[in-house]
Enquirer: 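Sharing a structure here in structure tokens format.
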Amino acid sequence: MIENNDEFYFDTEEYIEIIIYYLELGDYSYAEMAVNHALKIHPNSLEIKTKQLEVFLELERYAKAKELIDELHQSSLEDTDFLVCCAKYYSNLGNPKKSIEYCQKALELEEEENFLHNFIADEYVNLDDPFNALKHYTSALEHDPYDDYSLENVMVCYSKLNRSQEAIDFLNQYLDKFPFSETAWYEYGQFFFNKKNYDEAIKGFDYILAINSSAVGVYANKASCYEAMGEWDKAIAVYEEMLELEYTKAFTFYKIGLCYKEAKKLVPALTSFQKSLREDPQFYLAMMEQSNIYEEMGNTKEALYFAQEAVALNVGNLEYQKRLAFLYITCGEYEESLTCLKKLTESEPSRFYNWYAYSEVLMLIGEYEEAITILEKALQTHQRAELYYQLSNCYFNLKNDSEGIAKLEKALKLDPSLSKDMQQKYPFIKEQVKKIKTKKK
């Protein structure tokens, strides 16, 4: 009709169905268009005006919504949809108490009780009142025993109220009535997992798999129980069952690799990480784990290669930057490590060892002047003896003995116990330490 610029007649109920269709679809512009067409033909229809109110709320046109609420208020107080719109209006404006008042009025009409009790419960959650929220989620569940949303939130409320025994009693009673509820068994499994009763948690997850063997995510939960118990072979067996049901297997192969790694089976772990990368060539978690395995096997070149690949895909991960810097240094590629170390000092200036490592590498490659610049920056945040020992070494290497002695004296004053280790690291300061100590005597 719109495309051809035609005008057809629809009765009120038909327009209501069209508007609801677009609201449920989330296409609010078409819902508004349908409302405007409907009001041309049925300008006095309260039902269509109520739908218009819904559209205004979805489009966040609160001024227009308030005008319409005022217009409809006297004539629509016996209409559940109107009262729900009013409740949504006040909820969206951050007034949960007023929203609850309108929901309570709507409950008196004895329609949509399940929806209304959930609405009220959500508002009590916004008020940080889990006690009253629990009452209404429970009431919602009484009106619709198969409402998973209510069931999940009942358990959340029990958790917030620290009423563990009541929570499990409630679940057991529910499961006596509805033994085929996957959501209830999932909550049962999670409850015992959080209590670290992994055998009981597995029982809950096994019930779900007996009801629905294709519930992929539940295999992961069951495997997590075995992981928590340190039963790596059993966890691997569950993940392998999971692989048969999945379309995307990269993460599961990665998890299998981690289990083999924990079980100290490095070759199967490496194979699993390789399979993970074949499934997803950009899966940086598997890349970094491959790097770890190669390092453990003594192959630092391969370890470095996969660390470089992982960092290239996840530049902002500071732990990866640290690992890459360490591997560069281990492989003797000191200059390459500087990019990582610079990023670390910029991102985590409060971490002393970032500065310490950065200046150490600069000294290793003979960049003493740059090391001094870095150490001076580091001292703005960290008044540590180690930095003064490093500074003195830099100045002595640059033949600036007066500055070297001044920094060494400062270092010895701050922490003389480090002197022996520092003399081994920096032979240039050895004679100067003796002189300073002799001078003091």
Side-chain angles (χ1 to χ4, degrees), residues 1-127 133 136-137 140 143-144 146-150 152-153:
M1 184 184 81
I2 292 163
E3 282 174 11
N4 297 323
N5 204 21
D6 293 330
E7 290 289 339
F8 296 123
Y9 177 86
F10 295 106
D11 64 27
T12 305
E13 287 73 21
E14 288 172 321
Y15 268 121
I16 296 294
E17 284 183 32
I18 293 167
I19 297 162
I20 289 171
Y21 171 81
Y22 285 118
L23 284 170
E24 288 178 350
L25 201 64
D27 192 336
Y28 305 124
S29 61
Y30 263 83
E32 185 177 28
M33 202 181 294
V35 164
N36 292 337
H37 272 278
L39 286 172
K40 282 181 190 175
I41 298 169
H42 308 285
N44 299 315
S45 168
L46 295 178
E47 292 93 339
I48 291 170
K49 285 187 176 182
T50 301
K51 289 298 165 198
Q52 185 181 33
L53 178 54
E54 278 188 55
V55 172
F56 284 153
L57 291 171
E58 293 296 347
L59 294 170
E60 298 181 6
R61 294 179 188 163
Y62 296 121
K64 286 191 173 184
K66 184 65 172 74
E67 286 176 19
L68 201 47
I69 287 171
D70 292 341
E71 180 189 330
L72 299 174
H73 204 270
Q74 290 303 315
S75 54
S76 300
L77 284 175
E78 298 296 313
D79 178 17
T80 302
D81 285 349
F82 172 74
L83 293 171
V84 167
C85 282
C86 293
K88 282 182 182 176
Y89 171 79
Y90 285 105
S91 175
N92 291 357
L93 292 183
N95 189 343
K97 289 182 179 178
K98 193 76 172 171
S99 178
I100 289 167
E101 283 178 30
Y102 275 100
C103 286
Q104 296 284 15
K105 285 178 186 175
L107 275 175
E108 293 170 13
L109 303 174
E110 298 183 355
E111 296 173 351
E112 299 185 46
E113 283 106 326
N114 165 262
F115 169 81
L116 288 164
H117 279 294
N118 275 326
F119 198 141
I120 293 169
D122 289 345
E123 293 306 297
Y124 276 119
V125 169
N126 291 335
L127 289 166
H136 286 280
Y137 284 130
H143 287 285
D144 180 1
Y146 300 100
D147 182 357
D148 291 340
Y149 180 79
S150 308
E152 289 165 5
N153 280 293

Enquirer: Please tell me if the side chains of Leu83 and Leu116 come closer than 4.5 Å, counting only heavy atoms from C-beta onward.
Expert: no

Enquirer: Is Ser99 reaching over with its side chain to a backbone N or O of Asn95, donor-acceptor style, under 3.5 angstrom?
Expert: no

Enquirer: Quick one: do Leu46 and Asp79 satisfy side-chain contact (heavy atoms from CB on, under 4.5 Å)? Show the steps, please.
Expert: CA-CA 10 Å; Leu46 295 178; Asp79 178 17; over 6 Å; no

Enquirer: Taking C-beta and beyond as the side chain, do Gln52 and Phe56 meet within less than 4.5 Å on heavy atoms?
Expert: yes

Enquirer: Give, for atom CD of Glu71 and atom CD of Glu67, the distance between the pair rounded to the nearest 0.5 Å.
Expert: 9.0 Å

Enquirer: Flag the pair Val125 / Asn153 as yes when at least one side-chain heavy-atom distance between them is below 4.5 Å, and no otherwise.
Expert: no

Enquirer: Between CD of Glu78 and CG of Leu109, what distance do you get to the nearest 0.5 Å?
Expert: 5.5 Å

Enquirer: Please examine the side chains of Ile18 and Tyr21, heavy atoms only from C-beta on, and report whether any two atoms are closer than 4.5 Å.
Expert: no

Enquirer: To check you understand the geometry: which heavy-atom pair defines the closest contact between Pro43 and Lys49, and what is its length?
Expert: O-CE, 3.3 Å

Enquirer: Using side-chain heavy atoms (C-beta onward) and a distance below 4.5 Å, is Asp70 in contact with Lys66?
Expert: yes

Enquirer: How far does CD of Glu111 sit from CG of Asp81, to the nearest 0.5 angstrom?
Expert: 8.0 Å

Enquirer: Taking all non-hydrogen atoms of both residues into account, name the closest pair between Glu123 and Pro96 and its distance.
Expert: OE1-CA, 3.3 Å

Enquirer: Ignoring hydrogens and geometry beyond distance, is a side-chain donor-acceptor pair present between Asp147 and Ser150 at under 3.5 Å?
Expert: yes

Enquirer: For the residue pair Ile100 and Tyr124, establish whether any side-chain heavy-atom pair is separated by less than 4.5 Å.
Expert: yes

Enquirer: May I ask you to say whether Glu54 pairs ionically with Lys51, meaning some side-chain N is under 4.0 Å from a carboxylate O?
Expert: yes

Enquirer: Treating Ser45 as the side-chain partner and Ile48 as the backbone partner, does any N or O pair qualify as donor plus acceptor under 3.5 Å?
Expert: yes

Enquirer: Tell me yes or no: between the side chains of Tyr149 and Asn114, is some donor less than 3.5 Å from an acceptor?
Expert: no

Enquirer: Between Leu57 and Tyr62, is the side-chain contact (heavy atoms from CB on, under 4.5 Å) condition met? List the steps.
Expert: CA-CA 6 Å; Leu57 291 171; Tyr62 296 121; 4.1 Å; yes

Enquirer: Could you go step by step and tell me if Tyr102 and Val84 meet the side-chain contact (heavy atoms from CB on, under 4.5 Å) rule?
Expert: CA-CA 7 Å; Tyr102 275 100; Val84 167; over 6 Å; no

Enquirer: For Tyr89 versus Ala65, what's the shortest heavy-atom pair and its separation?
Expert: CD1-CB, 4.2 Å

Enquirer: Can you tell me if OH on Tyr146 sees more than 12 non-hydrogen neighbours from other groups inside 6.0 Å?
Expert: no

Enquirer: Any idea how His143 and His117 line up, ring-wise: parallel (<30°), tilted (30 to 60°), or perpendicular (>60°)?
Expert: parallel

Enquirer: Distance check, rounded to the nearest 0.5 Å: His136 atom NE2 versus Phe119 atom CZ?
Expert: 13.0 Å

Enquirer: Answer with yes or no whether the side chains of Glu112 and Thr80 bring together a donor and an acceptor at under 3.5 Å.
Expert: no

Enquirer: Are Tyr22 and Glu32 packed together at the side-chain level, in the sense that at least one heavy-atom pair is separated by less than 4.5 angstrom?
Expert: no

Enquirer: What is the ring orientation for His42 with Tyr15, classed by angle as parallel under 30°, tilted 30 to 60°, or perpendicular over 60°?
Expert: perpendicular

Enquirer: Verify side-chain contact (heavy atoms from CB on, under 4.5 Å) between Asn92 and Glu60, making sure each step is shown before the conclusion.
Expert: CA-CA 9 Å; Asn92 291 357; Glu60 298 181 6; over 6 Å; no

Enquirer: Does the side chain of Leu25 reach to within under 4.5 Å of the side chain of Tyr30, using non-hydrogen atoms?
Expert: no

Enquirer: Measuring from Glu14:CD to Thr12:OG1, what's the distance to the nearest 0.5 Å?
Expert: 9.0 Å

Enquirer: Just verifying a value: how many Å separate Lys64 NZ and Leu59 CG, rounded to the nearest 0.5 Å?
Expert: 10.0 Å

